[in-house]
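These notes are about the structure you will find just below.
In this text the structure is predicted, and so the values were computed from the model without any measurement. Side chains included, hydrogens not; waters and symmetry mates left out as well; all remaining heavy atoms used. Residue numbering restarts at 1 for every chain, and letters A, B, ... go by the order of the sequence lines.
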Amino acid sequence: MVTLIKAPRGTKDLLPGEIEKWHYVEKIAREVSEIYGYHEIRIPIFEHTELFQRGVGDTTDIVQKEMYTFQDRGGRSITLRPEGTAGVVRAYLENHLNSQPQPVKLYYLGPMFRYDRPQAGRMRQFHQLGIEAFGSNDPALDMEVICYTYDFFTKLGLTNLRVMVNSVGCPQCRSNYGRALKEFTESHRELLCENCRDRLERNPLRVLDCKEESCQRLLDGSPDIHDYLCNDCSSHFQQVNEYLNLTGVPFEINKKLVRGLDYYTQTVFEVTTVGPDEGSLAGGGRYNNLVETIGGMSVPGIGVAIGLERVLIALENQGVQLPLEQKKIIYIATAGEDPEGKLAREAVLLLLELRKAGFAAEKDLMGRSLKAQMKFAGRLGASYVVIFGLEEIQQGRLLLRDMLKGEQLEIPRDGLVEYLKSLLN
RNA sequence: GUGGGUGUAGCUCAGUUGGAUAGAGCAUCAGGUUGUGGCCCUGAGGGUCGUGGGUUCAAGUCCCAUCACCCACCCCA
């Protein structure tokens with residue numbers, strides 16, 4: 001026997017039974033996006049490696065150790081997208097969307113790839129819903145993106161959400177604050193974890209959300225980033241707060257929220273659940289310099305990425321029953337001997353007729369006995385079974401069995417479609 | 001990249017101090033006399049015991065290695 005090839009580590013098949021939930025979540029995603037005025041964009045699943053190096057940032061874990069990078073046959077370095085923003089920014093520039101009325105508001109839905117060790121809620125191929133809005137620095141847009149995220153979750157039925165918001169300022173504020181933070185930790189550097197000592201040099205803000213207890217203890221009484229925001233950043237953040245207060249979204253300000261991607265400026269936010277930990281459900285923020293980094297033109301932007309696997313896990317943990325509806329199935333069964341294949345032909349004709357009329361119809365394809373056909377119809381979850389043999393054909397009638405009630409009645413062959421329509425509407 | 005746990009049928013698991021053709025339930029398929037599902041009964045198919053080595057007269061069982069999966073850390077969605 002040939003050895004079985006399995007799906008690569010960190011990937012999995014979504015089978016019937018599970019995929020319906022995805023369809024539902026995707027449906028809500030599209031509905032909410034439409035309500036908020038975001039339009040779908042489909043960008044490539046792979047891009048030039050350099051796009052992510054420049055966009056996501058060379059110092060990030062994503063670029064340093066998590067990218068699926070390979071050479072294509074033309075010798076180009078290609079990377080499977082680890083996130084959506086960089087690609088959307090590229091598409092915005094490449095397609096001159098800056099010449100459209102601003103802001104340009106886009107959403108995407110699809111797989112992302114990161115070379116991580118898989119665990120609960122973390123796959124090498126995972127799926128994100130994301131939105132990006134370009135061309136406006138209005139705090140009301142920050143509010144809108146956060147509100148969109150919260151709305152999406154609540155429409156799905158999630159509760160116990162924690163929405164954390166912060167501002168990391170512009171590069172100027174950040175470098176001032178970074179300096180202050182370095183000074184503050186200078187005297188007890190040895191108390192920081194190894195990782196943080198490194199962070200202090202590369203990206204000082206990241207020290208703030210370190211999970212090491214010793215680091216957190218040291219940070220007690222550390223400088224407040226909000227004291228280092230310039231006037232513009234400070235008032236921007238204040239206005240975001242004011243707008244958010246109008247929305248009813250239960251957010252909290254977390255001064256230590258930093259986020260791992262280099263490109264964020266000013267507003268950053270993250271959504272998690274309060275109870276059992278599925279990891280964060282969504283993260284996002286403003287990136288007023290990213291477009292410039294990628295394309296040389298200064299355009300403000302803001303976005304969010306929502307992890308769909310984690311949303312599904314949270315829904316499961318919270319016992320949310322999704323309203324999955326499935327079409328009622330009509331099964332066609334034949335009874336008795338069929339030496340000339342007449343029953344089989346009649347069954348096919350009926351099948352075609354039912355499907356043409358819009359019903360989900362099935363017939364036996366396994367050459368099963370009537371008993372086995374009934375059993376199969378039961379397993380399919382068929383609502384009705386149409387049964388006939390040669391005798392019924394001759395008399396121009398059929399048996400129609402209601403599988404739920406376990407009752408059946410005789411009806412004229414010609415009236416079947418109309419009768420089923422009256423039953424199912 | 002680091003640490004922990006688990007690998008026996010499609011699934012969930014038994015398998016004694018090492019001992020003969022490796023079992024059960026569920027699932028699948030077929031039957032339980034003429035043409036009727038769910039319950040019940042009978043039967044069938046399905047396993048290189050993750051893989052490779054070692055110890056032993058004898059390994060599913062003991063030892064080593066390796067791989068895969070799960071979980072956690074880092075980080076993130």
For nucleotides 41-47 of chain B, 5' to 3', base contacts (B), sugar-phosphate-only contacts (S) and non-contacts (-) with protein non-hydrogen atoms under 4.0 Å give -------
Mark up nucleotides 5-12 of chain B, 5' to 3', with B wherever a protein heavy atom is under 4.0 angstrom from a base atom, S wherever such an atom reaches only the sugar-phosphate, and - elsewhere.
--------
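Annotation: of the two residues near RNA chain B, A:R310 and A:A120, the 5′-most nearest-nucleotide partner is A:A120.
Under the 6.0 Å distance and 45° angle rule, A:R413 does not count as a cation-pi partner of A:F388.
Proximity of residues 364-379 of chain A to RNA chain B (heavy atom under 4.0 angstrom from any strand atom) is restricted to A:R368, A:L370, A:K371, A:M374, A:K375, A:R379.
Taking 4.5 Å as the limit, some side-chain heavy atom of A:E83 sits within range of a side-chain heavy atom of A:L261. A 4.5 Å side-chain heavy-atom check between A:V385 and A:Q408 finds every atom pair outside the cut-off. Residues A:I45 and A:P111 have side chains in contact (heavy-atom distance under 4.5 Å, counting atoms from C-beta outward).
Classification of the A:Y148-A:Y36 ring pair by plane angle, with boundaries at 30° and 60°, yields perpendicular.
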Stepwise salt bridge (Lys or Arg N to Asp or Glu O under 4.0 Å) test for A:K105 and A:E144:
CA-CA 11 Å; A:K105 307 204 296 184; A:E144 173 176 294; 2.8 Å; yes
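Annotation: salt bridge (Lys or Arg N to Asp or Glu O under 4.0 Å) contacts of A:K65 (sequence neighbours excluded): A:D61. Legend: residues meeting side chain to side chain contact (heavy atoms under 4.5 Å, CB included) with A:L423, ordered by chain and number and at least two apart, are A:Y384, A:L400, A:Y419, A:L420.
Below the 3.5 angstrom threshold, one finds a donor paired with an acceptor across the side chain of A:E392 and the base of B:G35.
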With pairs defined as Watson-Crick or G-U wobble and both distances under 3.5 angstrom, please note down RNA chain B as a dot-bracket string, | for pairing with another strand.
(((((((..((((.....[...)))).(((((.......))))).....(((((..]....))))))))))))....
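Put simply, A:Q119 has a side-chain N or O that comes within less than 4.0 Å of OP1 or OP2 on B:A72. For B:C74, neither phosphate oxygen OP1 nor OP2 lies less than 4.0 angstrom from any side-chain nitrogen or oxygen of A:R117. Side-chain N/O atoms of A:R206 include one lying less than 4.0 angstrom from OP1 or OP2 on B:C76.
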